[in-house]
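Have a look at the structure below, then the notes.
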Amino acid sequence: MVESLLDFLHIIFGQIDTAHYLVLSTIVFSIGVVGVLTRRNVIIILMSIELMLNSVNLNLVAFSDRLQDLSGQVFAVFVITVAAAEAAVGLGIVISLFRNKETVNVDQIDLMKG
Amino acid sequence: MEVFLFYTLAAILVVFAIFTVTARNPVRSALYLVSALLGMAGLFFLLKAEFVGAVQILVYVGGIMVLFLFVIMLVSVREVQGERRANRQWKTAVVLATVLSVELIFFVVGGADVFRTEAVKQGVITQIQTANTQNVGQMLYTNYLLPFEIASILLLVAMIGAVVLARKEL
Amino acid sequence: MPEIPQIDNLWEFFRENSAAIGPQLQLIIWGLGILCVDFLIPAQKKGRGAIYALGGLFMASIHLYWFWGISPGPAFYNMVTLDFFARYFNLLFLAAAFLTVIMSYRYLDIEDEQHTEYYALILFATAGMMFMAGAIDLVSLFVGLELMSISTYVLVGFLRSQKRSNEAAMKYFLLGAFSTGIILYGMSLLYGLSGSTNLNEIGRQIVGLENNTLLVLSLFMMMAGLCFKIAAVPFHMWVPDAYEGAPTSITAFMSVAVKAAAFAIFFRIFYLAFGDVREIYIFALAVIAMVTMTWGNVAALTQDNVKRLLAYSSISHAGFVLMGLVAGTDLGVTASAIYLLAYTFMNLGAWSVVILLRRQDIPGETLEDFNGLYFKHPAIAVLMLIFFLSLAGIPPLAGFIAKYFVFAAVLEVALSSGEAHSSLMVWVAVVGALNVVVSVYYYFRIVVSMFIRKDYLPAPLSFSAGLVVVLVITGLFTVLIGIYPEPFISLARAASLSLT
Amino acid sequence: MSFFMENILNFVCFFPLIGVVLIVLWPKGKEHENGVKWIANIVALIGFLISIPLITAFNDPRYIDTATGMRFVIRKSWIDAIGAQYYFAIDGISLLLVLLTTLLGFIAILSSWSAITERVKEYYCYFLILQVGMLGVFMAFDFFLFYVFWEVMLVPMYFIIGVWGGPRKLYAAIKFFLYTLAGSVLLLLGILALYFYQHSVTGVWSFDILRMQQLSIPLELQQWIFLALFFGFAIKVPMFPFHTWLPDAHVEAPTAGSVILAAILLKMGTYGFVRLSLPILPEATMEFLPWLLVLSVIGIIYGALVAMMQKDMKKLVAYSSVSHLGFCMLGVFVATPVALEGGILQMINHGISTGALFLIVGIIYERRHTRMIADYGGLSHIMPVFATVFLIMTLSSIGMPTLNGFIGEFMVLQGVFADPIYKLWALFGVLGIVLGAAYMLWLYQRVMFGQLDDPENRNFPDLNWRELTTFVPLIILAFWIGLYPKTFLDYLHAPVNQIVERVRPGEFPLLPVQVAVKE
Amino acid sequence: MLNYLWLIPIFPLLGFAINGLFGLWKVRRTGSRPAKPFIYSVGCGSVLLALLLSLGCFWELIQLDPEHRLVEQELFTWIHGPELRTVSGELVNFHITWGLQLDPLSAIMILVVTGVGFLIHVYSIGYMAEEKEGFYRFFAYMNLFMFMMLILVLANNYLVMFVGWEGVGLCSYLLIGYYIHKKSAGDAAKKAFVVNRVGDLAFIIGMLMIFSYFGTLDFTEVFEQVGEMFPTPEATWGALSWMALLLFIGATGKSAQVPLFVWLPDAMEGPTPVSALIHAATMVTAGVYMVARSTAIYSGAPDVLLIIAVVGIFTALLAASIALFQQDIKRVLAYSTVSQLGYMFAALGVGAVAAGIFHLMTHAFFKALLFLGSGSVIVALHHEQDMRKMGGLKKYLPTTCLTMWVAALAIAGVPGLAGFFSKDEILWRAFSSGHGLIWLVGVLVAGMTAFYMMRLMFLTFYGEARVSQEAAHHLHESPRVMTWPLILLAVGAFLAGYVGLPDWLGPNRFGDFLEPAVQVAYPPPAEALPAAEPLPADEAHHVDWQEIGLTVFSVTVAFIGIYLAYYLFLKHKDKPAQLREKYRAIHGVVYNKYYVDELYDLLFVNRAKGLGRFFSAFDDNVVDGAVNGSATITRISAWLSGQADIHIVDRIVNLLAQFFDSFSTVFRRFQTGLVQRYALFFVVGIILVISLYLYLES
């Protein structure tokens with residue numbers, strides 16, 4: 001534990017390198033996870049998922065820089081594309097759901113359980 | 001300079017990300033997300049990935065977020081005052097998410113040694129950074145031609161799907 | 001960093017590479033075709049989309065048949081391949097899609113949601129699965145996965161006027177997107193560690209990184225995401241709800257094809273990329289397999305809704321298929337492949353009977369709806385019995401051969417000398433064996449309803465030519481694989497050999 | 001004819017399926033039910049008749065496989081990928097069990113004529129399928145095939161109990177199914193372990209039981225495999241702590257179901273021990289022997305004691321099965337030649353006498369629809385023929401000399417007693433004989449003796465010809481085995497000797513055949 | 001004719017088959033019973049044929065040289081089992097044949113069995129005349145009994161003997177329970193069978209031992225090997241002793257010795273001819289026969305012989321004392337039978353095998369006669385068996401009375417009658433072999449026997465009639481078909497003794513004839529049995545006087561008994577009641593047969609039932625319950641709610657069930673329907689997987 005704490009301090013105060021980006025992306029990812037887990041509004045949950053996907057992009061681009069390899073960036077572009085597609089479908093689902101149930105609060109959507 | 005820029009952008013990103021998931025009003029939440037994504041785009045630029053950064057701004061800020069706002073307007077116009085933001089499990093969720101993030105960071109930091117012991121390679125990105133967009137484009141249309149084409153179908157499917165789901169009558 | 005290649009002659013390039021994606025191309029073209037001709041089809045006859053979809057599936061099968069003996073190498077710069085593993089799974093997807101399409105058209109009439117988009121989406125989803133099965137690169141794999149997933153999200157919510165369908169779509173979508181994020185996180189780390197998105201390359205690069213926590217993290221994140229897709233405990237929670245709310249035909253499709261596709265990439269990744277670092281995950285995977293089998297079965301015990309019951313049963317079956325992966329040998333892949341094949345037929349058969357019970361104004365989903373089925377429709381009840389017996393793994397039916405192979409795979413590892421995980425494997429086998437017993441209990445609750453209770457609901461069953469064909473085919477294969485499994489085993493074995 | 005003889009095992013095993021097809025094709029409706037019954041009966045009878053050439057040609061050198069000594073071998077490739085073969089053959093042990101099955105199958109079907117009034121077509125279909133499964137088990141010499149048949153019979157039996165059973169039929173049926181299935185899946189694991197071990201030694205993928213009998217497996221592995229097999233077989237037998245499915249299944253099953261269950265199905269477990277556990281895992285058997293004997297003996301005494309307290313006739317007979325099978329297992333596990341042969345003979349005997357006892361219970365159940373002993377009394381006043389049959393079978397069950405049960409019991413006891421280490425276990429067995437007499441005679445007394453004071457019992461008709469026909473072969477067999485068991489024992493010598501040679505190598509070499517009749 | 005030995009048992013078997021099958025067929029076919037004449041002619045005819053054949057065989061046998069009076073006839077192989085190792089390590093086949101043998105011992109037995117049996121069959125025609133329902137059944141069973149008894153005595157090996165042994169037990173069961181409507185009959189039948197089975201248990205174990213020591217069960221082979229394998233007498237407790245003891249325990253069951261005598265008095269529930277044939281003349285003597293047959297083995301186990309002697313004489317005393325106070329005429333005779341059997345065992349125990357068999361034979365005559373006579377009385381009184389309701393019957397039943405006097409005096413040991421010779425032989429042998437105490441008790445028992453037999457005679461035939469009015473109205477002598485057997489048996493009881501005269505009176509033909517069949521394998525140690533050796537000639541004269549003196553003594557005791565009975569029951573009829581009052585406690589104990597039945601119920605029957613009940617409950621509640629718990633989670637809770645039991649085991653099962661129950665509810669409760677809860681599980685899953693890795697790594 002102590003060693004990794006020292007590592008952590010080293011990362012914070014040292015030269016900016018890939019590890020910084022990784023930690024940052026992890027933090028953003030975690031924030032996204034918290035959003036998904038706690039918010040009631042479906043749309044905000046969707047946005048939290050976008051945050052998660054973006055943190056992945058940050059990873060990819062940082063690795064791309066680190067490895068001097070463009071694949072990461074291309075991958076990131078695909079991730080953005082997919083995120084867009086998902087957002088579209090997700091919002092479509094939200095709309096059809098809203099049309100039937102008049103709510104976008106996920107904790108009121110529990111018709112099926114058990 | 002790089003350090004400064006990194007921390008500034010990181011701060012923007014993290015702070016706005018937190019705002020995004022805590023804002024009461026979904027519209028505000030969306031706007032905070034836009035800000036966070038802009039910060040992210042800044043980081044991309046910092047990493048010399050101009051193309052991805054640009055796509056980030058164009059697609060996300062310009063496209064996806066507009067869609068979000070549009071839907072927000074459509075479905076949740078009225079905001080009930082005093083309605084809870086978070087669901088009933090939020091305390092547990094926060095604790096567990098914290099545990100998860102601690103584990104993630106612990107693992108990331110533990111494994112990131114790989115990236116610090118080796119010297120940074122002088123590769124294509126630094127060599128031909130001016131041509132980043134061109135290179136990415138070339139890769140997209142050669143190495144990643146197939147995924148690119150699949151992605152197009154994917155977008156089509158998303159479109160059809162959104163239409164199927166959202167239209168009143170089909 | 002590979003050299004950025006130049007494509008001089010696009011046509012030539014395409015001609016050289018297209019063989020590997022032929023079936024997918026057929027499906028996509030026909031899917032697009034359906035969308036294009038949609039406006040030509042009168043509103044009452046949207047069911048014709050099924051015919052076009054069948055055309056697409058037929059052409060894809062033809063293509064598959066052409067290339068059955070020839071193995072086109074990796075195509076599109078190592079993005080995708082059509083090795084025997086992929087072909088095996090393609091066959092399975094085509095069969096599942098074919099059966100789904102023909103069992104759907106009458107069902108959609110009853111649900112009053114007959115649209116051509118449905119068929120197009122099935123074709124696209126199938127194409128996505130095929131890309132997944134053939135993918136040997138993280139990017140193509142991911143994009144294929146998303147193509148399948150997004151099509152499925154839409155299909156799950158296809159009954160737009162029904163709250164349960166909306167809800168199912170929402171749950172499936174949210175969790176699916178969440179899992180996508182998690183898989184991607186794992187993929188990004190993997191890319192960073194290995195410097196490549198090619199699975200073979202990754203497999204070569206990560207040797208020696210066994211103790212690197214980043215690799216471990218990446219592996220577990222991907223495992224979690226994939227476990228979500230195959231519905232393994234504790235990532236299975238969406239399954240009962242999504243299966244219940246989705247149109248039954250889509251539930252059937254999801255429970256076999258989507259699951260098989262997820263298993264295909266599971267195998268690709270874990271054999272090609274993580275084949276040499278089994279030590280990291282074997283224990284966790286074994287635990288997941290055991291818990292999945294048990295949880296699915298125990299939770300199914302008290303279900304009264306047949307769709308949920310079958311959903312839980314499908315969870316436990318995922319646990320059984322995972323046993324092949326836990327074994328991590330050739331025989332393991334063979335076992336899982338044959339299991340998935342058998343499962344395709346027997347499970348689709350069972351679901352098609354559930355569809356048969358969906359009648360105008362009668363959901364036909366509860367246990368009571370099966371009461372006395374035997375007295376009214378003995379053939380249907382007997383078929384259902386065969387499917388259930390097969391699902392429970394009673395010989396001489398397909399499910400038995402499947403279970404036999406997964407047990408064999410695990411025990412082979414347990415008994416091979418020098419294996420460090422012998423006792424773990426034995427435990428997996430024993431837990432699996434006991435789960436077979438548990439599963440019989442709930443399958444037989446339905447059997448009791450059908451054969452012993454007598455208060456039959458008088459409404460006629462919703463027969464259609466398509467459903468009859470489905471029942472005949474699934475019944476036939478369920479018995480055939482059980483009695484003469486030789487050819488199917490050879491197929492699965494060839495698939496496993498081409499993977500490793 | 002030679003085609004028939006070369007494929008005789010196929011014919012014997014699958015002939016009932018012809019009946020199934022005919023019955024399915026037969027028109028529906030109440031008025032056609034007699035036709036169904038005739039078909040089933042005739043098919044079962046023919047099934048029995050075509051199994052008779054098995055005896056007559058048993059020693060015909062044309063049908064003996066010289067390499068293995070098996071008879072009527074049919075061996076075809078089936079699933080090459082895993083080395084599973086379609087391999088039918090019989091030896092003396094199988095022969096007796098096959099004939100017992102065909103005979104009792106016929107008797108059980110005959111006994112159902114008037115007992116089954118609902119869903120007649122299905123009933124006979126299930127019965128004939130059950131017949132196929134049971135015959136297959138006794139003929140299969142490929143472990144995979146064996147397992148397939150082993151499981152196949154679960155389903156028809158489930159339905160026979162679940163559809164035509166008593167008030168708690170569903171509970172009993174599923175209990176039967178789950179319990180035995182639990183054993184079978186563990187058995188499957190054991191089979192697989194053997195399969196892989198055999199491959200690792202010989203490099204051949206094969207499920208051939210006879211090959212497996214030649215392996216010498218390390219003791220530790222043997223023990224594990226033995227445990228796996230043990231659960232499978234012990235539940236089926238059922239041995240002491242695994243027996244609780246049996247009373248329920250027996251009580252709820254229709255008469256013919258109980259008959260088959262007791263007479264044949266339970267034998268599959270004992271047969272499994274004889275055919276598989278002992279010769280394949282001899283050292284492990286010897287290693288576990290004390291425990292196995294403890295369980296067998298507990299079964300003998302415990303079963304008898306519990307039987308004594310039953311108020312329900314079927315339950316009583318069911319628990320007596322537990323006791324009798326304890327005898328079988330005692331003999332089988334000790335595995336001296338006499339004990340083993342006695343154990344196997346006792347399997348046949350139990351099939352005959354307990355099968356007949358269930359028929360007997362069924363006959364009075366059919367007349368009054370209760371199985372409570374207290375509801376009857378003094379029946380011998382009005383049913384003298386029935387009383388006689390009942391008496392003979394009671395005596396057969398309690399081991400009266402000149403009847404079959406005695407020979408088996410005595411051989412088991414003598415065999416056990418001849419073992420220098422475990423001889424005193426025979427004493428517990430003898431105790432079981434006394435208790436057996438007590439509960440069976442008590443049952444007989446309560447049902448048949450006393451005043452005929454219940455008006456509902458007054459008008460019971462005596463056995464009709466059909467009912468009598470079901471008993472005649474059993475009575476003949478009971479006396480035959482009791483008076484001249486040599487006919488049956490002769491078939492057992494060779495296979496028993498092989499098994500003993502595996503378990504106790506060199507201890508019991510074959511003596512030259514001697515005709516010891518003094519003039 | 002000896003070649004047709006096997007026909008002797010076959011005739012009764014045929015009779016059984018014809019009567020039984022024809023009767024069943026007829027009943028089933030027409031509902032009516034077959035004609036009685038047909039039945040009894042078949043029944044008696046078959047036995048008559050057997051008797052004639054037996055006489056023929058016997059005749060041929062005595063023509064033979066005494067050394068070769070052993071005819072063996074092996075019919076066919078019975079069990080031909082595989083290899084077996086004897087204790088000495090020899091490999092033998094488990095081989096047993098259906099074989100018969102005729103030697104002096106079995107020759108005497110078949111004569112007794114067929115002779116007495118035939119008379120009783122004939123008697124039954126009259127006795128059972130009023131039977132409608134079961135006439136054919138009765139004769140069928142009787143014939144079956146004859147068959148089994150003949151198998152028993154003719155067997156040439158233990159296992160075939162055991163067939164007869166069990167077979168007669170079965171017939172006894174059937175015949176005791178002949179009156180199927182009487183619950184007491186059924187109970188008695190079952191009791192007889194089960195108690196017999198307890199003895200058989202020992203018999204079986206004995207056979208197991210014999211086979212595993214000698215590798216054969218054939219009498220001749222076993223007896224040869226006894227001598228070969230045990231060249232020196234085993235003074236200590238050895239394998240032979242175990243075999244001997246086990247066989248003897250078997251005999252105690254069949255021959256109603258302590259402690260297994262309890263079934264015989266109850267067996268009187270059967271028809272009287274049955275009591276006469278089975279429970280007096282033949283079956284109960286099977287134990288005596290078996291021990292006599294195994295003399296070779298017993299001679300190697302002197303300790304066991306002593307046990308036999310003690311048990312025998314103790315039984316004799318016990319049963320005689322019980323018989324003193326019984327009121328039921330047949331029960332008096334039953335206890336008398338037990339007592340006489342004890343005598344026979346005492347004889348065997350002191351080494352006087354021939355004397356024991358001699359007594360067996362004479363006893364068969366007079367005890368059968370007594371039973372038949374009492375049967376005649378009972379029939380006359382319409383099935384009244386209580387002696388308190390008899391009296392003064394002499395004038396109504398003169399023949400019966402007369403013949404019974406012969407028997408009663410014979411059993412009482414009045415000189416000149418059969419019982420005198422055989423009993424005196426036993427007493428003398430006991431005394432001369434040094435068993436003084438046994439001799440003394442024997443004499444006492446002889447006195448008691450005389451007393452209770454006279455009591456029976458006086459109470460029944462003399463004094464004032466205590467018969468109920470309506471019974472008295474119908475009183476008449478039995479028909480001739482019943483009286484003739486009585487007369488013939490009386491002749492037998494009178495004359496049978498003269499074949500075995502005491503040494504001082506003449507040659508003991510009987511003993512000489514029997515001697516070769518009951519040879520000892522080797523002579524017992526001198527100190528154990530000093531007088532078993534033939535006495536030196538010069539001392540014979542002296543000994544004669546001793547013998548005569550003892551005889552006079554025992555006869556005196558018998559006459560004292562007779563006089564006492566006369567005094568108490570004919571002269572001063574109020575005395576017995578006074579005495580009863582005075583010694584109420586002792587009388588109570590003895591009258592209630594020393595509470596042996598109750599003791600057995602308490603010790604064994606109730607224990608066994610209780611154990612059974614316990615196991616039954618255990619099976620229902622625990623074993624079953626555990627299975628339910630794991631198989632059907634929901635059912636068990638419903639099932640358990642019905643269980644009010646608060647045993648600890650039950651509580652454990654309850655807990656198990658609750659555990660599974662909550663397991664299932666928890667599973668379903670996880671499925672809240674809330675998508676974020678599902679996502680939370682997703683996260684938990686990842687955390688767990690990673691934690692598992694960390695745990696395994698550390």
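In the text below, chain A, chain B and the rest are named by the order of the sequence lines, each starting its count at 1. In this text, all values refer to a predicted model and were calculated from it rather than measured experimentally.
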- Message: Quick one about C:S194 and C:E201 (side-chain donor to acceptor, distance below 3.5 Å, no hydrogens or angles considered), yes or no?
- Response: no
- Note on the structure: With chain B, the option among C:N212, C:L141, C:V216, C:L209 that has the most non-hydrogen atom pairs under 4.5 Å is C:N212
- ring pair (Phe, Tyr, Trp, His ring centres under 6.0 Å) assessment of C:Y118 paired with C:F158: CA-CA 8 Å; C:Y118 176 90; C:F158 206 79; 5.3 Å; yes
Expected list for residues 144-165 of chain B: side-chain donor-acceptor pairs under 3.5 angstrom, two or more places apart:
unit_1 : atom_1 : unit_2 : atom_2 : d
B:Y144 : OH     : A:S71  : OG     : 3.2
B:Y144 : OH     : C:T197 : OG1    : 3.1
B:S152 : OG     : B:E149 : O      : 2.3

- Message: Regarding C:E167 and C:Q162, do their side chains bring together a donor and an acceptor under 3.5 Å, going by distance alone?
- Response: no
- Task: I would like to know whether B:F107 and C:M221 meet side-chain contact (heavy atoms from CB on, under 4.5 Å); could you show each step before the answer?
- Result: CA-CA 12 Å; B:F107 269 67; C:M221 293 301 245; over 6 Å; no
- Using non-hydrogen atoms only, which part of C:L121 is less than 4.5 Å away from chain B: side chain, backbone, both, or neither? side chain
- Atom CZ in C:F142, atom CD1 in C:I265: separation rounded to 0.5 Å? 10.5 Å
- Item | Contacts of residues 17-38 of chain C with chain B (heavy atom under 4.5 Å) | C:I21, C:I28, C:L32, C:L35
- Message: Determine whether C:I183 and C:L145 satisfy the following criterion, side-chain contact (heavy atoms from CB on, under 4.5 Å), listing intermediate values before the conclusion.
- Response: CA-CA 11 Å; C:I183 291 184; C:L145 173 67; 4.1 Å; yes
- Look at the aromatic rings of B:Y32 and B:F19 and report parallel, tilted or perpendicular, splitting at 30° and 60°. tilted
- Item | Atom group of C:M148 that falls short of 4.5 Å from chain B, counting heavy atoms | neither
- Item | Close approach to chain B in residues 130-138 of chain C, criterion heavy atom under 4.5 Å | C:F131, C:D137
- Taking only heavy atoms into account, what residues of residues 36-45 of chain B are found under 4.5 Å from chain C? none
- Message: Would C:I122 and C:T126 count as a side-chain contact (heavy atoms from CB on, under 4.5 Å) here? Give the steps.
- Response: CA-CA 6 Å; C:I122 285 187; C:T126 312; 4.1 Å; yes
- Item | Donor-acceptor under 3.5 Å (C:K46 side chain, C:I41 main chain) | yes
- Message: To the nearest 0.5 Å, what is the distance between CG on C:D109 and CG on C:D112?
- Response: 8.0 Å
- Atom CD1 of B:I12 and atom OH of B:Y7: how far apart are they, to the nearest 0.5 Å? 15.0 Å
- Between C:V277 and C:F274, does a side-chain contact (heavy atoms from CB on, under 4.5 Å) hold up when you go through it step by step? CA-CA 5 Å; C:V277 293; C:F274 297 140; 3.8 Å; yes
- Note on the structure: Whatever's closer than 4.5 Å to a heavy atom in chain B on C:F13 counts as side chain
- Any donor and acceptor pair, going by atom type alone, linking the side chain of C:E210 with main-chain N or O of C:G208 inside 3.5 Å? yes
- C:Y191 side chain to C:S196 side chain, donor-acceptor N/O pair below 3.5 angstrom: no
- Message: Report which part of C:F220 has an atom under 4.5 Å of a heavy atom belonging to chain B: side chain, backbone, both, or neither.
- Response: neither
